[in-house]
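So that the names make sense, note that chain A is the first sequence line, chain B the second, and so on, each numbered from 1. Owing to the predicted nature of the structure, the values given are computational and were not obtained by experimental measurement.
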Amino acid sequence: MKYEWKDNGLIIEQADNFEPAQVFDCGQCFRWVHEEDGYTGIIDDRVVKVNKRGEDILIENVPKEMTDDVLHYFDIDRNYNGIKEELRSDAYLRKAMEYGNGLRILNQEPFECLISYIVSANNRIPQIKRVVDNLSSMYGKQTEHRGKVYYAFPTPNALADAQVCDVQNSRCGFRADYICDAAKRVAWGDLDLDSLRERDYLTAKAELMKVKGIGPKVADCILLYSLQKYEAFPVDVWVNRVMTDIYIHQKMSLKRVGEFARDRFGRSAGFAQLYLFYYYRNNRGITEDDGSID
DNA sequence: TTCCAGGCGAAGA
DNA sequence: TCTTCGCATGGA
């Protein structure tokens with residue numbers, strides 16, 4: 001996609017496959033907030049606002065030297081039409097992709113992603129957002145934009161120094177132990193998240209699952225949403241429902257559902273997962289004709 | 001009150 | 001390898 005840097009912001013021109021409401025509310029990220037002047041989030045400690053104007057996407061408050069980081073965060077260089085072409089032989093996915101036409105997978109900061117998905121275990125999305133927000137205001141760097149105070153997500157060091165009993169004040173419940181343990185591993189260098197990008201999918205997943213609180217589903221989310229492993233296919237309750245209803249038609253372990261999906265959707269399984277999750281979760285009552293697949 | 005949520009770890013079969 | 005159960009919290 002073409003872009004232009006102007007007036008301390010980026011204009012992504014003719015941005016097809018980018019609908020802010022879908023991107024930020026599809027459940028992949030937990031800190032973007034819909035405010036009166038657009039979606040507000042924090043990238044590299046900087047408050048950023050995103051709006052759609054006509055066919056263009058406006059990303060405000062981006063200094064020129066941050067251009068590459070921001071383009072990468074929003075996955076601007078990826079050919080989503082090519083991915084859709086790859087997946088469109090599947091009738092149900094065609095419907096899902098039509099419904100979530102403007103979805104894209106963000107490249108989130110790996111540590112924030114890791115902690116957020118540890119928080120997600122056996123939790124609801126509004127509660128996950130609340131806890132991640134609490135952790136940020138308790139341990140994150142304060143910043144200001146247009147007279148309003150925001151907090152960046154805490155660094156590994158900041159969370160590693162925290163006491164478990166204090167972290168519990170974020171209302172994270174039994175996950176406080178996991179959060180502190182994971183933060184220490186990252187802060188102390190036992191777990192090098194960036195290096196996992198260079199590993200193959202299965203090796204990186206096994207490495208993540210050594211951390212307490214990270215099982216197969218959480219590991220897949222971290223790999224897909226922050227480490228560019230697009231063969232990852234997180235199987236949660238919703239994805240299990242849609243895979244069982246539409247493709248498998250019998251009870252199967254979550255592990256086997258994931259294997260089935262990776263086999264069916266291949267290197268773009270992660271994108272398929274996002275379209276399926278978004279469509280199925282927002283259209284719980286599927287109709288009969290939805291069930292037909294090629 | 002009771003149930004359940006973008007699961008996971010531990011224990012037992 | 002698979003199944004079962006408990007887990008903090010809070011909304012329905």
Output yes when a side-chain donor or acceptor of A:R104 lies under 3.5 Å from a complementary backbone atom of A:N17, and no otherwise.
-> yes
In terms of side-chain heavy atoms, does A:Y80 have a donor or acceptor partner in A:N101 at a distance below 3.5 Å?
-> no
Strand contacts (DNA chain C) in residues 204-232 of chain A, 4.0 angstrom heavy-atom criterion = none
Can you check whether A:R241 has a side-chain N or O nearer than 4.0 Å to OP1 or OP2 of B:dA5?
-> yes
Can you check the A:I125 CD1 to B:dA5 C1' distance for me, whole Å?
-> 10 Å
For A:L196 and A:K229, which heavy atoms make the closest approach, and how far apart are they?
-> O-CE, 3.6 Å
Taking the six-membered ring for Trp, are the ring centroids of A:Y279 and A:Y92 within less than 6.0 Å of each other?
-> yes
Please check if any side-chain donor atom of A:Y247 sits under 3.5 Å from a side-chain acceptor atom of A:D90, or the reverse.
-> yes
To the nearest angstrom, the CZ-P distance between A:F174 and B:dA5 comes to 13 Å
Looking across every strand, which nucleic acid part, if any, lies under 4.0 Å from A:Y117 by heavy atom: base, sugar-phosphate, or nothing?
-> base
Separation of B:dC4 atom P from A:W238 atom CH2, nearest Å, is 13 Å
Without hydrogens or angle criteria, can the side chains of A:D25 and A:Y39 be said to hold a donor-acceptor pair below 3.5 Å?
-> yes
Between A:R175 (CZ) and B:dG7 (P), how many Å, whole number?
-> 10 Å
Gap between atom CD1 of A:I76 and atom CG of A:L10 - 0.5 Å precision = 8.5 Å
Considering residues at least two apart in sequence or located in another chain, which fulfil the side chain to side chain donor-acceptor pair (under 3.5 Å) criterion with A:K210?
-> A:E207
For A:D177 and B:dA10, give me the distance from atom CG to atom P, rounded to whole Å.
-> 11 Å
Span of DNA chain C engaged by chain A, first through last nucleotide within the 4.0 Å heavy-atom cut-off, is C:dC7 to C:dG11
